[in-house]
Amino acid sequence: MARTFIAIKPDGVQRGLIGEVISRLERRGLKLVAIRLMQVDADLAGRHYAEHVNRPFFPSLVSFITSGPIVAMIWEAANAVALARQTMGSTNPGEAAPGTIRGDLGIDIGRNIVHGSDSPESAEREIGLFFGAGDALDYSRSADRWITES
Ligand code: IDP
Ligand code: MG
């Protein structure tokens with residue numbers, strides 16, 4: 001089953017939106033297989049956001065993501081990456097569609113509540129940065145057959 005890495009950023013934690021974000025992914029039908037409340041240090045932030053190292057917003061992004069606890073998670077579903085990105089909404093909450101996490105809960109691109117992997121390859125890389133082998137649990141839910149036909 002495909003997996004994606006999702007993080008509730010420090011703004012989401014500080015605003016009391018942990019339950020809201022988890023609830024939306026759960027209600028959609030994705031399955032939570034690993035979760036960790038943690039503080040990101042500058043080294044991990046730099047590795048996680050390595051693709052943005054030359055962007056003007058990189059210093060403020062690192063400062064923001066290290067500013068308080070985050071909730072790091074692994075979610076599972078067929079096509080997990082695309083499903084989660086759709087539920088999250090566009091990067092800029094000011095442009096994100098209503099009904100999405102960012103579109104319903106935010107207004108500023110620098111405070112967009114959640115991170116989600118942008119491809120299966122990114123998901124694998126990011127899961128490896130935040131979790132160890134064996135952290136993700138393999139289990140089935142009795143509701144699974146009511147969420148997917150096969
Ligand atoms: P994503 O989180 O939707 O994948 P990315 O383009 O990968 O978006 O950017 C990573 C993060 O960097 C964004 O979620 C946002 O927090 C921040 N970011 C991206 N573009 C800007 C910008 O133009 N100004 C400020 N922050 C930005
Ligand atoms: Mg990204």
Side-chain angles (χ1 to χ4, degrees), residues 1-138 147-148:
M1 186 63 73
R3 289 177 171 173
T4 190
F5 174 72
I6 303 288
I8 303 171
K9 296 181 179 182
D11 55 335
V13 174
Q14 294 298 328
R15 292 176 57 198
L17 297 175
I18 295 173
E20 174 77 31
V21 170
I22 290 177
S23 179
R24 285 172 179 239
L25 293 165
E26 258 187 326
R27 277 153 49 206
R28 184 95 198 260
L30 288 85
K31 183 165 73 175
L32 181 65
V33 297
I35 182 166
R36 183 178 169 206
L37 181 73
M38 61 182 288
Q39 181 104 21
V40 175
D41 64 19
D43 176 65
L44 179 56
R47 288 195 282 156
H48 175 61
Y49 282 127
E51 65 175 314
H52 299 304
V53 69
N54 294 318
R55 306 287 284 279
F57 58 82
F58 183 76
S60 60
L61 178 58
V62 170
S63 152
F64 165 57
I65 206 72
T66 59
S67 66
I70 68 152
V71 179
M73 300 175 284
I74 306 172
W75 287 84
E76 208 172 82
N79 208 10
V81 167
L83 281 176
R85 295 278 295 189
Q86 186 186 49
T87 292
M88 286 161 52
S90 313
T91 303
N92 185 348
E95 295 167 4
T100 65
I101 292 169
R102 287 163 168 171
D104 286 348
L105 305 174
I107 51 177
D108 188 312
I109 194 167
R111 298 286 184 271
N112 62 2
I113 307 143
V114 280
H115 166 85
S117 309
D118 63 7
S119 68
E121 296 72 31
S122 301
E124 196 176 323
R125 188 184 77 84
E126 293 168 357
I127 287 169
L129 285 175
F130 287 83
F131 291 96
D135 282 344
L137 298 191
D138 187 11
I147 295 168
T148 54

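These numbers come from the heavy atoms of this one structure, side chains and all, not from hydrogens, waters or symmetry mates. Indexing begins at 1, ligand by ligand and atom by atom, following the structure's order. What you see is a predicted model; the values in this text were computed from it and never measured.
R3 places no side-chain N or O within 3.5 Å of a backbone atom of A123 that could act as its donor or acceptor partner. The main-chain N or O of T4 is never found under 3.5 Å from a side-chain atom of S117 such that the two would form a donor-acceptor pair.
Scanning the protein heavy atoms around atom 6 (O) of ligand 1, the nearest turns out to be H52 CE1, 3.7 Å. Atom 4 (O) of ligand 1 has R85 NH1, 2.7 Å as its closest protein atom, hydrogens excluded (heavy atom only).
Atom CG of D43 has more than 12 neighbouring heavy atoms from other residues, nucleotides or ligands inside a 6.0 Å radius.
Residue L61 places a heavy atom under 4.0 Å from ligand 1.
Remark: among candidates F57, F64, Y49, the nearest residue to atom 18 (N) of ligand 1 is F57, based on non-hydrogen atoms. For atom 8 (O) of ligand 1, the nearest non-hydrogen atom from the set T91, V114, I109 comes from T91. With atom 16 (O) of ligand 1 as the reference point, the heavy atom nearest to it among H115, K9, R111, R102 is part of K9.
Between N112 and ligand 1, a contact under 3.5 Å exists for at least one N or O pair. Remark: ligand 1 and R55 share no N or O pair separated by less than 3.5 Å (distance only, no angle test).
With salt bridges taken as basic N to acidic carboxylate O contacts below 4.0 Å, one links D104 and R24.
Ring-plane geometry between F57 and H52 is classed as tilted, the angle between the planes lying from 30 to 60 degrees on a 0 to 90 degree scale.
T87 is not listed as a side-chain neighbour of W75, based on a closest heavy-atom distance of 4.5 Å or more.
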